[in-house]
Amino acid sequence: MSEQFVSRKFQGRRASAETQHRLPPGQHAVTDFPVLSAGLTPQVTQNDWRLTIEGLVQEPITWRWEEFLQLPRQEFVVDIHCVTSWSKFDTRWRGVSIDTLLEQVTLDPRARYVTAYSYGGYTTNLPVAELINGQAFVACEYDGKPLPREHGGLARLVVPHLYFWKSAKWLRGLRFMESDQRGFWESLGYHNHGDPWKDERYSSDY
Ligand SMILES: Nc1nc2c(c(=O)[nH]1)N[C@H]1C(S)=C(S)[C@@H](COP(=O)(O)O)O[C@H]1N2
Ligand SMILES: [Mo]
């Protein structure tokens with residue numbers, strides 16, 4: 001009896017040691033998928049949906065839903081980290097890489113920062129360098145199904161290497177700019193960059 005207890009405890013420790021290297025500081029793993037929204041869930045129909053790239057581009061571009069669905073999609077299996085301290089391993093998405101979207105515009109070389117803006121008014125800011133080269137995508141499927149509304153459907157940004165508030169739900173567009181402009185949470189005291197591995201949670205964490 002006591003031997004079994006000891007060995008089970010030992011296995012538990014080993015399992016957590018295996019996942020420990022995937023947990024950024026101060027995070028714990030969850031198996032459910034919490035919903036975090038700073039307001040009501042916008043109801044955008046497929047007919048009304050648009051995604052725009054604008055700002056420092058030669059010509060802005062807007063996709064309608066059926067045009068967006070024509071773009072090459074990829075599967076992404078990534079760990080996500082919310083600043084409220086939950087992390088979720090191996091989340092499986094399908095979507096369009098930001099690299100694929102950017103193939104269709106000519107970026108002005110001065111474009112160094114992006115504001116991602118959403119239906120409902122949410123915004124978040126990112127350096128261009130952290131959106132490209134396979135680091136970010138616009139997801140329209142989660143776990144083999146259309147992305148649920150509460151998780152950002154019809155489509156959301158996913159930037160897994162930064163805290164999950166940077167992954168704007170109900171994405172409406174990306175605005176490319178020369179200078180950095182703080183988004184919704186960044187203006188309210190959250191860190192401007194938000195790297196979970198550097199524990200960049202609040203503006204005071206510099
Ligand atoms: N448009 C929009 N995007 C958003 C948010 C939001 O309130 N509105 N919340 C952010 C935060 S704080 C987190 S942790 C994740 C939560 O995504 P989830 O609800 O799919 O877990 O979305 C981010 N993107
Ligand atoms: Mo969050």
Side-chain angles (χ1 to χ4, degrees), residues 22-45 48-54 65 68 75-96 98 101 113-127 130-131 135-175 181-205:
R22 294 169 71 177
L23 268 184
Q27 297 291 112
H28 68 277
V30 298
T31 51
D32 61 337
F33 193 173
V35 171
L36 281 102
S37 304
L40 299 175
T41 295
Q43 303 287 330
V44 183
T45 63
D48 293 340
W49 186 89
R50 301 285 187 280
L51 179 67
T52 294
I53 291 185
E54 58 172 28
W65 183 246
F68 180 75
E75 182 173 79
F76 300 86
V77 179
V78 294
D79 297 348
I80 56 178
H81 311 288
C82 174
V83 72
T84 62
S85 89
W86 57 267
S87 292
K88 187 170 174 59
F89 295 145
D90 295 321
T91 61
R92 191 164 61 92
W93 311 80
R94 273 178 76 80
V96 180
I98 299 296
L101 298 177
Y113 296 95
V114 171
T115 289
Y117 57 97
S118 299
Y119 289 100
Y122 187 84
T123 55
T124 188
N125 56 308
L126 306 123
E130 304 216 19
L131 280 178
Q135 296 179 93
F137 55 93
V138 178
C140 55
E141 277 179 49
Y142 177 74
D143 216 10
K145 298 187 205 73
L147 182 61
R149 292 255 173 213
E150 67 271 23
H151 287 300
L154 300 174
R156 79 179 295 166
L157 182 64
V158 180
V159 191
H161 74 283
L162 298 176
Y163 281 122
F164 207 34
W165 88 74
K166 297 283 185 181
S167 295
K169 304 199 278 189
W170 315 295
L171 187 65
R172 169 71 185 82
L174 301 174
R175 185 175 308 120
Q181 278 201 18
R182 285 176 172 258
F184 179 78
W185 285 119
E186 294 84 0
S187 309
L188 290 172
Y190 281 86
H191 200 279
N192 196 47
H193 181 226
D195 181 341
W197 295 98
K198 296 182 181 159
D199 217 2
E200 293 174 339
R201 296 172 192 271
Y202 310 106
S203 288
S204 50
D205 296 337

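One-based numbering, in listed order, for ligands and for the atoms of each. One-based numbering along the sequence shown.
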For this session: Please state which part of Lys166 comes within less than 4.0 Å of ligand 1, counting heavy atoms only: side chain, backbone, both or neither.
Result: neither

Exercise. Gln27 and His81: side-chain hydrogen bond (donor to acceptor under 3.5 Å, both in side chains), yes or no, with the steps?
Worked result: CA-CA 8 Å; Gln27 297 291 112; His81 311 288; 4.6 Å; no

Exercise. Can you find an N/O atom of Lys169 closer than 3.5 Å to an N/O atom of ligand 1?
Worked result: yes

Exercise. Going from CD on Glu200 to CG on Asn192, what distance comes out if it is rounded to the nearest 0.5 angstrom?
Worked result: 9.5 Å

Exercise. If you count the atoms of ligand 1 from 1 in the order shown, which ones are under 4.0 Å from a heavy atom of Ser167?
Worked result: 22 (O), 23 (C), 24 (N)

For this session: Check ligand 1 against Ala38 and write out every atom of the ligand that is under 4.0 Å from a heavy-atom position of the residue.
Result: 6 (C), 7 (O)

Exercise. Is it the side chain (CB and beyond), the backbone, both or neither of Trp165 that lies under 4.0 Å from ligand 1, heavy atoms counted?
Worked result: both

Exercise. Are any of the N/O atoms in Trp185 less than 3.5 Å from those in ligand 1?
Worked result: no

For this session: State the atoms of ligand 1, each with its element, that fall below the 4.0 Å cut-off from a heavy-atom position in Val35.
Result: 19 (O)

For this session: Report yes or no: is the cationic atom of Arg175 (NZ for Lys, CZ for Arg) closer than 6.0 Å to the six-membered ring centre of Tyr117, at no more than 45° off its axis?
Result: yes

Exercise. When you measure from atom 23 (C) of ligand 1 to every protein heavy atom, which one gives the shortest distance, and what is it?
Worked result: Phe164 O, 3.4 Å

Problem set entry | Output field: ring centroids Phe33/Tyr142 closer than 6.0 Å | yes

Seminar exercise, completed: Short version for Cys82: what comes under 4.0 Å of ligand 1, heavy atoms counted, is side chain

Exercise. Between Lys145 and Asp143, does at least one N-O distance fall below 4.0 Å, as a salt bridge requires?
Worked result: no

Exercise. Heavy-atom contacts under 4.0 Å between Trp170 and ligand 1: side chain, backbone, both, or neither?
Worked result: side chain

Problem set entry | Candidate with minimal heavy-atom separation from atom 8 (N) of ligand 1, of Tyr122, Tyr117, Phe184 | Tyr122

Problem set entry | Sub-3.5 Å N/O-N/O distance, Pro34 and ligand 1 | yes

For this session: Write down the atom of Trp170, the atom of Ser37, and the distance for their closest heavy-atom approach.
Result: CH2-OG, 3.5 Å

Exercise. Which residue owns the protein heavy atom closest to atom 9 (N) of ligand 1, what's the atom, and how far is it?
Worked result: Leu36 O, 3.2 Å

Exercise. Atom NE2 in His193, atom OH in Tyr163: separation rounded to 0.5 Å?
Worked result: 11.5 Å

For this session: Decide if atom CD of Glu75 counts as having more than 12 heavy atoms of other residues, nucleotides or ligands within a radius under 6.0 Å.
Result: yes

For this session: Please identify which atoms of ligand 1 are closer than 4.0 Å to at least one heavy atom of Ala168.
Result: 3 (N), 24 (N)

For this session: Could you see which bit of Trp86 sits under 4.0 Å from ligand 1, with heavy atoms only: side chain, backbone, both or neither?
Result: side chain

Problem set entry | Contact check: Ser37 vs ligand 1, nitrogen or oxygen atoms, below 3.5 angstrom | no

Problem set entry | Which segment of Phe33 sits under 4.0 Å of ligand 1 when only heavy atoms are counted | side chain

Problem set entry | Nearest-option assignment for atom 17 (O) of ligand 1, heavy atoms, candidates Glu150, Arg156, His151 | Arg156

Exercise. CH2/Trp49 to CZ/Arg172 distance, rounded to the nearest 0.5 angstrom?
Worked result: 9.0 Å

Exercise. Considering only heavy atoms of Ser118, which atoms of ligand 1 have at least one such atom less than 4.0 Å away?
Worked result: 1 (N)

For this session: Nearest 0.5 Å please: distance from the CG atom of Leu157 over to the NZ atom of Lys169.
Result: 13.0 Å

